[in-house]
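Quick note: residue numbers are just sequence positions, from 1. Values in this document were obtained by computation on a predicted structure and should not be read as measured data.
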Amino acid sequence: MEEILEVILVEGRYDKNTLSQVVNATILETSGYGIFSDKQKLQLIRRLAKERGVIIFTDSDNAGFLIRNHLKGQVPEGRILHAYIPDRPGKERRKHAPGKEGKLGVEGMDKETLLTALRRAGATFQGREEAGERDSRKLTKAHLFEAGLSGRPDSKARRHTLLKQLDLPENLTANGLLDMLNVLYSYEEGIGIISSL
């Protein structure tokens with residue numbers, strides 16, 4: 001599976017599920033139009049753009065372009081890439097009827113189409129040699145459990161405290177927190193952060 005450096009922004013969980021089967025990358029959902037009013041998530045996206053750069057990968061319908069244009073205005077120039085899928089008529093398997101515009105979205109695209117869109121956008125595909133040069137260690141769910149940030153009665157409260165300290169959205173799940181720790185901090189820094197609780 002190809003590894004991508006930038007954080008990929010998609011509209012929803014089905015897009016995220018499809019893309020996560022094609023590339024190894026940090027994928028963040030905008031919750032569709034929810035991004036327009038989610039100040040915390042926008043702040044997080046700006047932070048991720050500064051650290052890694054972001055790729056906007058929305059559907060090719062009007063809603064997708066509204067979300068794309070909103071995000072474009074929120075992220076500093078030079079820290080954002082745009083991946084576009086082709087206009088293809090159809091409906092996703094899970095849906096009973098096609099969407100309003102009758103086009104397939106990100107979740108309805110095949111692997112090669114998604115990879116082509118990411119390559120055309122200028123995504124940074126990590127080579128094996130390159131990956132060997134940098135510290136490839138990542139925090140895992142086991143680290144969060146050991147730190148009391150998951151799997152315990154008070155884990156949610158502990159996560160909330162940590163998210164506040166790190167200036168991250170308070171509604172991030174344990175998996176979301178794990179992703180952000182691995183994107184924003186080195187392995188050693190992450191260990192230090194969760195050990196300080």
Side-chain angles (χ1 to χ4, degrees), residues 1-126 168-169 171-173 175-180 182-184:
M1 191 177 298
E2 305 260 16
E3 184 175 346
I4 292 179
L5 175 68
E6 292 86 4
V7 174
I8 304 173
L9 306 178
V10 296
E11 292 179 55
R13 65 181 169 151
Y14 293 107
D15 299 329
K16 180 177 180 178
N17 289 344
T18 298
L19 213 47
S20 65
Q21 294 171 39
V22 176
V23 293
N24 182 11
T26 301
I27 304 169
L28 189 66
E29 299 168 41
T30 66
S31 303
Y33 288 140
I35 196 64
F36 293 131
S37 59
D38 193 335
K39 291 184 182 1
Q40 281 190 321
K41 193 172 276 185
L42 283 171
Q43 184 179 350
L44 175 60
I45 288 169
R46 285 186 207 102
R47 190 170 170 188
L48 293 170
K50 184 179 175 188
E51 292 291 324
R52 290 257 193 108
V54 295
I55 300 171
I56 300 178
F57 207 165
T58 57
D59 294 347
S60 291
D61 58 9
N62 286 331
F65 276 92
L66 280 172
I67 294 164
R68 181 184 296 276
N69 289 332
H70 179 70
L71 290 170
K72 185 179 172 183
Q74 300 294 320
V75 177
E77 204 172 315
R79 303 303 302 157
I80 191 167
L81 299 171
H82 293 274
Y84 296 96
I85 55 170
D87 280 345
R88 290 197 182 146
K91 72 169 190 68
E92 282 79 15
R93 280 186 226 150
R94 70 178 176 85
K95 295 181 179 175
H96 298 295
K100 190 174 173 183
E101 296 174 41
K103 298 177 184 178
L104 286 173
V106 170
E107 74 169 281
M109 294 292 146
D110 61 85
K111 176 182 177 178
E112 206 45 55
T113 300
L114 294 171
L115 285 171
T116 298
L118 288 165
R119 284 189 187 101
R120 286 182 180 156
T124 308
F125 285 84
Q126 301 290 338
L168 291 170
N171 59 355
L172 278 181
T173 62
N175 286 339
L177 170 61
L178 187 61
D179 280 346
M180 292 308 104
N182 282 322
V183 168
L184 296 169

Rounded to the nearest 0.5 Å, how far apart are CZ of Arg47 and CZ of Arg79?
14.5 Å

Is Arg46 reaching over with its side chain to a backbone N or O of Gln74, donor-acceptor style, under 3.5 angstrom?
yes

Among all residues two or more places apart in sequence or in another chain, which pass the salt bridge (Lys or Arg N to Asp or Glu O under 4.0 Å) test with Lys95?
Glu92

By ring-ring contact (aromatic ring centres under 6.0 Å, His included) - contacts of Phe36 (at least two apart)
Tyr33, His70

Among residues at least two apart in sequence or on other chains, which ones pass salt bridge (Lys or Arg N to Asp or Glu O under 4.0 Å) with Glu29?
none

Sole residue of Leu184, Leu178, Asp179 in side-chain contact (heavy atoms from CB on, under 4.5 Å) with Asn182
Leu178

Smallest heavy-atom separation, Asp38 atom then Lys41 atom, equals OD1-N, 3.0 Å

Could you grab the distance from atom CG of Leu115 to atom CE of Met109, nearest 0.5 Å is fine?
13.5 Å

Distance col, row Ile27:CD1 vs Asp15:CG, nearest 0.5 angstrom, shows 9.5 Å

Step through the shown structure and confirm whether more than 12 heavy atoms of other residues, nucleotides or ligands are within 6.0 Å of CZ on Arg93.
no

Looking only at heavy atoms, what is the nearest atom pair of Val106 and Thr18, with distance?
O-CG2, 4.0 Å

Just by modelled atom types, is the Val183 backbone N or O under 3.5 Å from a matching donor or acceptor in the Glu51 side chain?
no

Return the minimal non-hydrogen interatomic distance between Val22 and Met1, and the atom names on each side.
O-CG, 3.3 Å

By side-chain hydrogen bond (donor to acceptor under 3.5 Å, both in side chains), Glu101 pairs with (sequence neighbours left out) Asn62

Please enumerate all residues that pass side-chain hydrogen bond (donor to acceptor under 3.5 Å, both in side chains) together with Arg13, with sequence neighbours excluded.
none

Could you grab the distance from atom CG of Leu9 to atom CD1 of Ile45, nearest 0.5 Å is fine?
5.0 Å

Nearest 0.5 Å, please: how far is CD1 in Ile4 from CZ in Arg52?
11.5 Å

Contact list for residues 111-121, test salt bridge (Lys or Arg N to Asp or Glu O under 4.0 Å), sequence neighbours left out:
Glu2-Arg119, Glu112-Arg119

Between Arg88 and Ser60, is there a side-chain heavy-atom distance shorter than 4.5 Å?
no

Can you name the nearest heavy-atom pair linking Asp59 to Gly105, along with the distance?
OD1-CA, 3.3 Å

Spacing of Leu114 atom CG and Glu107 atom CD [to the nearest 0.5 Å]
11.0 Å

